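Reading through the structure tokens given below for one structure.
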Amino acid sequence: MDPSAPPSPRRAEAEGAWPPPLGHAPSRPGHAPLRAVLLGPPGVGKSSLARAFRWPRPPPATPPPTPGEGPEPPLSRWLRVDGAEEELELRDGDEEAAAQADALLLVFSLTDRASFAALGPAARGLRGGGGGGGGVAPPAPPLLLVANKSDLARARHVTAREIRGLASVLRCPHVETSAELRLGTEELFAAAVREGRGHRRRCHDDEDAAAAADGCRGDGALRRRRSLTGRAKRFLAGLVPLSRQRSRSCSDLAGI
């Protein structure tokens, strides 16, 4: 091995060399991390937000994976929020990941009005739904609206007032971020922890209450996962027309 080559993230973490990524925090025994899932149309910066989560300060270069190290574990970090430490796991999600989430991060680009316009109608279904079988409606994970690419001010096409309006309709907090410049990203992850903590409390603090027990344990937990999987599937399906619209636009431009 070339000694001058930058160490891999895992070797760097073990040796204390080169600021390592923060996406390999070991879980403590008996501890379940809070799970946040990134949802949104393509091209809005979800992968960039995942990199910002892993590297709060941009590394000089992202080293390629070392052969033989195996697949990367899920991104997780310990964060200190409101005086207490919490492990947060971040996933770039699909409907299955969303069904297991403690918080759903709905991402759009401030430079792409279509991504904002598509997000609202698609996201409303994530708030609804019932438990099925005449039971109590399962508790849905909280939403967090993420307005990404705030650094591209001259290309901005969504106003702060419009963002506040959508957040009010969805009854959720909102955060403006620039994943590339790490602006607002730590505030976003702290907000995800707060929302996730609240969701866990709603599920587990009142275990003597029949509604909470039905929603968060046993058969109720299974109904909850199925319900949320269906909602997330409909949400993602609602974003498909946006991708098709972009494809048609590119084809139209190619013919000019």
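Numbering of residues begins at 1 and proceeds along the displayed sequence. Just so you know, these numbers come straight off a predicted model, no measurement behind them.
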Look at Arg51 together with Glu180 and state whether they make a salt bridge at an N to O cut-off of under 4.0 Å. yes
Backbone of Ala155 reached by a side-chain donor or acceptor of Thr111 within 3.5 Å: no
Is it the case that Asn148 and Thr177 place a side-chain donor and acceptor less than 3.5 Å from each other? yes
Can you tell me how far CD of Glu195 sits from SG of Cys172, rounded to the nearest 0.5 angstrom? 8.0 Å
Using side-chain heavy atoms (C-beta onward) and a distance below 4.5 Å, is Ile163 in contact with Leu110? yes
Taking every non-hydrogen atom, the tightest pair across Ala101 and Pro141: O-CB, 3.5 Å
Closest non-hydrogen atom pair, Glu89 against Pro33: OE1-CG, 3.9 Å
Atom pair CG/OG of Leu119 and Ser109 - distance to nearest 0.5 Å: 11.5 Å
Determine the minimum heavy-atom distance between Ser115 and Phe108, stating which atoms define it. OG-CB, 3.6 Å
In terms of heavy-atom contacts, Glu186 and Pro56 come closest through OE2-CB, 3.9 Å
Is the shortest side-chain heavy-atom distance between Val81 and Leu88 below 4.5 Å? no
Do Arg182 and Arg57 come within less than 4.5 Å of each other through their side chains, counting heavy atoms only? no
Spell out, as yes or no, whether a donor-acceptor pair under 3.5 Å connects the side chain of Lys46 to the backbone of Gly40. yes
Return the minimal non-hydrogen interatomic distance between Leu145 and Ala167, and the atom names on each side. CD2-N, 4.0 Å
Closest heavy-atom pair and its distance - Ala52, Ala179: CB-O, 3.9 Å
I want to check something: taking the side chain as every heavy atom from C-beta on, are Phe189 and Leu90 in contact at a cut-off of under 4.5 Å? yes
Under a 4.0 Å N-O cut-off, is there an ion pair linking Arg113 with Glu162? yes
Can you measure from CG (Leu152) to OG (Ser178) and round to the nearest 0.5 angstrom? 7.0 Å
Which of Leu39, Leu144, Leu143, Asp92 passes side-chain contact (heavy atoms from CB on, under 4.5 Å) with Leu105? Answer is Leu144
Which residue, Arg200, Arg202, Arg35, Arg194, forms the salt bridge (Lys or Arg N to Asp or Glu O under 4.0 Å) with Asp102? Arg200
Any non-hydrogen side-chain atom of Leu49 less than 4.5 Å from a side-chain atom of Leu188? yes
